Engineer: 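Below is one structure. I have some questions about it.
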Amino acid sequence: MTTATTLDPLVEPRRSRRSIALVFGVHGAVGGTFVTRIPWLQERLDLSPGQLGLALVMPAIGSSLAMPLAGRFVHRYGGRAAVRALISLWCLALALPALAPSLPALCAVLLVYGATAGMADVAMNAQGVEIEQRLGRSIMSGLHGMWSAGGLLASGFGILAAHLALDARLQLAATALVLLALAQPVCRGLPDLRAPAEAEAPPRFTLPPRSSLVIGLVGFCAVFGEGASMDWSGVYLKDVTGASATVAAASYTAFALTMAVSRLAGDAVIRRLGAVRTSRLSGAVATLGGVLVVTADTPALAIPGFALIGVGVAVIVPLAFAAAGRIGSNPSQSIAGVATVTYTSGLIAPAVIGALAQATSLTVSFGLVTLLALALLLSAGALRRAEPDAPGDHVTAVAPEGASGKDLSAI
């Protein structure tokens with residue numbers, strides 16, 4: 001079924017793409033800033049590792065609970081207004097964790113923090129998919145690369161603030177205001193996509209359609225490998241391969257940098273090979289990386305293995321969102337369903353790896369990561385809808401009556 005929406009014809013295609021890329025960068029910068037001050041939070045509230053772990057689960061829970069609401073929000077207020085409001089709330093939420101006076105308050109604050117993150121994530125991905133479809137070429141991998149780049153850049157400032165022993169309450173509040181101020185002019189460049197007045201509003205909560213559930217499971221496999229590698233690569237290098245503390249500590253930054261570079265370069269690969277072939281190649285690369293990790297007995301083998309896992313999973317989530325955006329008459333609803341399934345993997349991956357390592361070994365745990373990477377290779381066909389010329393029932397944009405629209409595929 002095809003539903004018409006209103007596309008603002010005065011917004012230039014290049015401006016739309018540039019604007020949504022900067023929105024992704026701002027979103028990533030909020031998260032990148034927060035993670036650098038987690039040690040400050042732990043010290044200030046005197047949290048044990050278990051208490052801190054409980055608190056850090058809350059953003060993922062809040063995100064998963066709130067994501068299904070995003071489709072209705074986008075439907076009611078339009079794409080541009082939804083992104084502007086939700087990214088603004090996400091920026092402001094950055095200031096809240098440092099103000100929490102106790103563990104229960106921190107958990108409550110991080111639920112809100114995660115809810116705003118998840119809703120903003122769905123809204124901006126829906127905008128990205130719409131702009132990609134009108135351009136007629138892949139941009140989603142590059143957008144997620146901007147998210148990674150924003151997080152890396154912001155984490156650098158956060159590390160500097162921590163090194164200078166700045167009070168996190170001041171730093172997070174100031175950063176929140178700076179990012180909020182940056183987001184406002186950026187959002188003006190987004191197309192104002194709206195559902196027609198007669199279109200039925202999506203339900204507040206609904207299970208994702210079966211087709212998007214399959215896509216979500218592909219994303220689940222990729223995010224599992226990403227979460228496991230980010231959280232456990234340092235421990236693996238130290239405990240299994242005997243790496244020094246310095247090498248082990250640098251593993252997260254190296255892995256995140258690999259992900260960012262791969263995503264920024266991913267659109268060129270997708271345009272050349274197509275979504276399905278790129279997914280198969282990604283699965284093969286991630287599987288090879290997993291094999292290197294589980295057979296490694298030195299850092300010289302394990303580090304390239306983790307890098308290959310990062311390269312292999314980098315473009316899968318952007319492709320999953322692009323495929324989901326071509327399902328049904330409300331892209332944000334399908335994207336919310338895929339995002340909920342996909343990001344649940346990030347919630348459970350570290351715990352599953354830890355539990356399996358406790359029962360067996362870290363090597364066996366990353367054997368599971370390798371099997372899920374192989375599943376990416378075998379299930380690549382599920383992302384066929386991400387092909388620019390694939391059949392789909394995505395939303396078609398029309399200009400307001402009496403206005404002359406611009407062809408976004410012209411660039």
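Because the structure is a prediction, the values reported are computed rather than measured.
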Engineer: Less than 4.5 Å apart, side chain to side chain, heavy atoms only: is that true for I20 and L143?
Structural biologist: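 Touching, per the 4.5 Å side-chain cut-off.
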Engineer: Apply side chain to side chain donor-acceptor pair (under 3.5 Å) to S233 and list each qualifying residue two or more places apart in sequence or on a separate chain.
Structural biologist: S251
Engineer: How long is the straight-line distance from CG of D267 back to CG of L319, given to the nearest 0.5 Å?
Structural biologist: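 The CG atom of D267 is 8.5 Å from CG of L319, to the nearest 0.5 Å.
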Engineer: Report the residues that fulfil side chain to side chain donor-acceptor pair (under 3.5 Å) with Q171, sequence neighbours left out, ordered by chain and then residue number.
Structural biologist: R37
Engineer: Name the atoms and distances for all side-chain donor-acceptor pairs under 3.5 Å in residues 23-33, with sequence neighbours left out.
Structural biologist:
| unit_1 | atom_1 | unit_2 | atom_2 | d |
| --- | --- | --- | --- | --- |
| H27 | ND1 | W147 | NE1 | 3.0 |
| H27 | NE2 | A117 | O | 3.1 |
| T33 | OG1 | A29 | O | 2.8 |

Engineer: Using the benzene-type ring in the case of Trp, are the ring centres of W90 and Y113 under 6.0 Å apart?
Structural biologist: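 Aromatic pair counts; centres sit under 6.0 Å.
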Engineer: With sequence neighbours excluded, tell me which residues meet ring pair (Phe, Tyr, Trp, His ring centres under 6.0 Å) with F224.
Structural biologist: none
Engineer: If the condition is salt bridge (charged side-chain N to carboxylate O under 4.0 Å, His left out), which residues does R169 pass it with, not counting sequence neighbours?
Structural biologist: D167
Engineer: Side chains of S279 and I316: does their closest heavy-atom pair fall under 4.5 Å?
Structural biologist: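 Yes - at least one pair of side-chain heavy atoms lies under 4.5 Å apart.
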Engineer: When you compare the side chains of S48 and Q42, does any donor N or O come within less than 3.5 Å of an acceptor on the partner?
Structural biologist: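 Judged by distance alone, the side chains do not pair up.
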Engineer: Minimum heavy-atom separation for L110 and P97, please, with both atom names.
Structural biologist: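 In terms of heavy atoms, the two residues are closest at CD2-CG, 3.8 Å.
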Engineer: Are F366 and S229 close enough that some pair of their side-chain heavy atoms sits under 4.5 Å apart?
Structural biologist: yes
Engineer: What I'd like to find out is whether the side chain of R188 reaches to under 4.5 Å of the side chain of S19, using heavy atoms alone.
Structural biologist: no
Engineer: Within a strict 4.5 Å, meaning less than it, do heavy atoms of the L213 and F220 side chains meet?
Structural biologist: no
Engineer: Looking at residues at least two apart in the chain, or sitting in another chain, which of them share a side chain to side chain donor-acceptor pair (under 3.5 Å) with D239?
Structural biologist: none
Engineer: State plainly whether the residues E226 and R263 are in salt-bridge range, i.e. N to O under 4.0 Å.
Structural biologist: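 Answer for the salt bridge query: yes.
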Engineer: Go through V122 and F321 one step at a time and tell me if the side chain to side chain contact (heavy atoms under 4.5 Å, CB included) criterion holds.
Structural biologist: CA-CA 9 Å; V122 170; F321 282 134; over 6 Å; no
Engineer: Taking the side chain as every heavy atom from C-beta outward, state whether V57 and I61 have any atom pair closer than 4.5 Å.
Structural biologist: yes
Engineer: Side chains of H144 and N125, heavy atoms from C-beta outward: is any pair under 4.5 Å?
Structural biologist: yes
Engineer: Would a 4.5 Å heavy-atom cut-off, applied to side chains only, mark S282 and V313 as touching?
Structural biologist: no
